[in-house]
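Below: one structure, written as structure tokens.
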Amino acid sequence: MIRIISFKICPFVQRVTALLEAKQIPYQIDYISLSDKPDWFLDLSPTGQVPVLVTEGGTPLFESDAIAEYIDDISAPLQPDLTPEQRALNRAWSYQASKHYLVQCSAMQSADLATFTERLSKLNAAFARVEQTMGSDPFFGGEALGNVDMAWLPLLHRASIVEAHSGHDMLARYPKVKAWQQAVLATGIPQKSVSEDFAVRFTDFYLAYRTWLGRGANQNEAPTSVQTRQSRGCCG
């Protein structure tokens, strides 16, 4: 069985487990602490980052983009009738998602509104591009789930938790992306692709009182001097 080595709130890991769930591929998942990485994990991961996928043959694979391609290589495609051009475009749009995971992580940790707005601008630009691209179908590529949906799933899932916790809707300006978010959430894959305590761990870290979102996105609150921890280097 495929083995995934994970940090519980890493979006790069969720992109991989979401794809495995969408394809109904069985896998085992082991969680580690990034503040105390075990030696056996460091022996497997050349970068010291999660996710790592250990194949059934025992080969450790790293980097979420490469792992997603491997999963496609060993299983039937979610969208079987795509042309080479469409597959290439899907890889490009998937990359647009993964390169914004840490952008969202950084924005969510912002201590005040001004910092949040500045950090979120890059993510807003990405959502705006998707808004211009999507049609009326529920998913990115049409009526059926595809790889692009799985790549953007961590961003959409986290935005839904932020909205539920703080009242701030990252997607309020993008109705097509908002509808896409709801369609992806309705599949149940976001919930299946994370640990049972994901929401608690996520809110404890990103939506604690030290963050603007964690304080309920109170726009009248003066900026705080509390320093936020950075998530860069945790996963990739």
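Just so we're clear, the structure is a prediction, and the values are computed from it rather than from any experiment. Just so you know, these numbers use all the heavy atoms, side chains as well, and skip hydrogens, waters and symmetry mates.
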Salt-bridge contact Arg201-Glu196 (side-chain N to carboxylate O under 4.0 Å): no
Lys/Arg N to Asp/Glu carboxylate O, Asp65 vs Arg91, below 4.0 Å: no
Ile189: which of Leu145, Thr17, Leu20 passes side-chain contact (heavy atoms from CB on, under 4.5 Å): Leu145
Pro51 versus Phe12, closest heavy-atom pair with distance: CD-CB, 3.8 Å
Side chain to side chain, Ile2 and Ile25, heavy atoms closer than 4.5 Å: yes
Leu207 backbone acceptor or donor facing Thr203 side chain under 3.5 Å: no
Considering all heavy atoms, the nearest Gln104-Pro154 contact: OE1-O, 4.1 Å
Asp39 atom CG, over 12 foreign heavy atoms within 6.0 Å: no
Transitive ILVMFWY side-chain link Val194 to Phe205, under 4.5 Å: yes
Any Trp152 side-chain heavy atom under 4.5 Å of Val177 side chain: no
Where Gly146 and Gln79 come nearest, the two heavy atoms and their spacing: CA-OE1, 3.5 Å
Ser94 side, atom OG; Glu69 side, atom CD - distance, nearest 0.5 Å: 9.5 Å
Expected output: side-chain Lys23 to main-chain Ala76 donor-acceptor under 3.5 Å: yes
Whether Phe116 and Trp212 hold their rings parallel, tilted or perpendicular, with breakpoints at 30° and 60°: tilted
Close side-chain approach of Leu44 and Ile5, heavy atoms under 4.5 Å: yes
Between Gln28 and Asp30: side-chain donor-acceptor atoms closer than 3.5 Å: yes
Check: Thr211 side chain, Tyr206 main-chain N or O, donor-acceptor pair, under 3.5 Å: yes
Nearest heavy atoms of Ala97 and Leu155, plus distance in Å: O-CD1, 3.8 Å
Hydrophobic cluster identity match, Leu61 and Trp40, side-chain contacts under 4.5 Å: yes
Heavy-atom check, side chain of Glu131 versus side chain of Arg173, under 4.5 Å: no
Same cluster (ILVMFWY, side-chain, under 4.5 Å), Leu89 and Val148: no
Pair Tyr31 and Phe7, ring centroids less than 6.0 Å apart: no
Same cluster (ILVMFWY, side-chain, under 4.5 Å), Tyr27 and Val16: yes
Donor-acceptor pair, side chain of Arg3 and main chain of Glu56, under 3.5 angstrom: no
Exam field: side chain Asp112 to backbone Thr115, donor-acceptor pair closer than 3.5 Å: yes
Return all side-chain donor-acceptor pairs below 3.5 angstrom for residues 132-139, not counting sequence neighbours, or 'none' if the list is empty.
residue : atom : partner : partner atom : Å
Thr133  : OG1  : Arg129  : O            : 2.8

Under 3.5 Å donor-acceptor, Glu21 side chain and Ser193 backbone: no
Any donor-acceptor N/O pair, Ser166 side chain to Glu163 backbone, under 3.5 Å: no
In one Ile/Leu/Val/Met/Phe/Trp/Tyr side-chain cluster, 4.5 Å: Met170, Val103: yes
Side chain to side chain contact (heavy atoms under 4.5 Å, CB included) involving Ala68 - partner list, sequence neighbours excluded: Arg15, Leu19
Leu156 CG to Asp149 CG distance, which is reported to the nearest 0.5 Å: 8.5 Å
Backbone N/O of Glu118 and side chain of Ser121: donor-acceptor pair under 3.5 Å: yes
Distance-minimising heavy-atom pair for Ser106 and Arg119: O-NH1, 3.0 Å
Atom pair CE (Met108) and NE2 (His165), whose distance is rounded to the nearest 0.5 Å: 12.0 Å
Backbone N/O of Ala126 and side chain of Gln96: donor-acceptor pair under 3.5 Å: no
Distance flag, aromatic centroids of His157 and Phe198, threshold under 6.0 Å: yes
Derivation and outcome, side chain to side chain contact (heavy atoms under 4.5 Å, CB included), residues Leu53 and Ile71: CA-CA 10 Å; Leu53 181 152; Ile71 293 170; 4.2 Å; yes
Flag side-chain contact, heavy atom, 4.5 Å: Leu153 against Met150: yes
Between Gln14 and Arg158: side-chain donor-acceptor atoms closer than 3.5 Å: yes
Distance, nearest 0.5 Å, that separates OG of Ser160 from NZ of Lys178: 7.5 Å
Spacing of OG1 belonging to Thr55 relative to CD1 belonging to Ile74, to within rounding of 0.5 Å: 8.5 Å
Residue pair Asp72, Asn147: steps toward the side chain to side chain contact (heavy atoms under 4.5 Å, CB included) verdict: CA-CA 9 Å; Asp72 272 347; Asn147 284 21; 2.4 Å; yes
Pair Ser33-Asp36, side-chain donor/acceptor within less than 3.5 Å: no
Separation of Cys10 SG from Leu34 CG (nearest 0.5 Å): 7.5 Å
For Phe140, ring-ring contact (aromatic ring centres under 6.0 Å, His included) partners two or more places apart: Trp93, Trp180
Leu42 backbone acceptor or donor facing Ser45 side chain under 3.5 Å: no
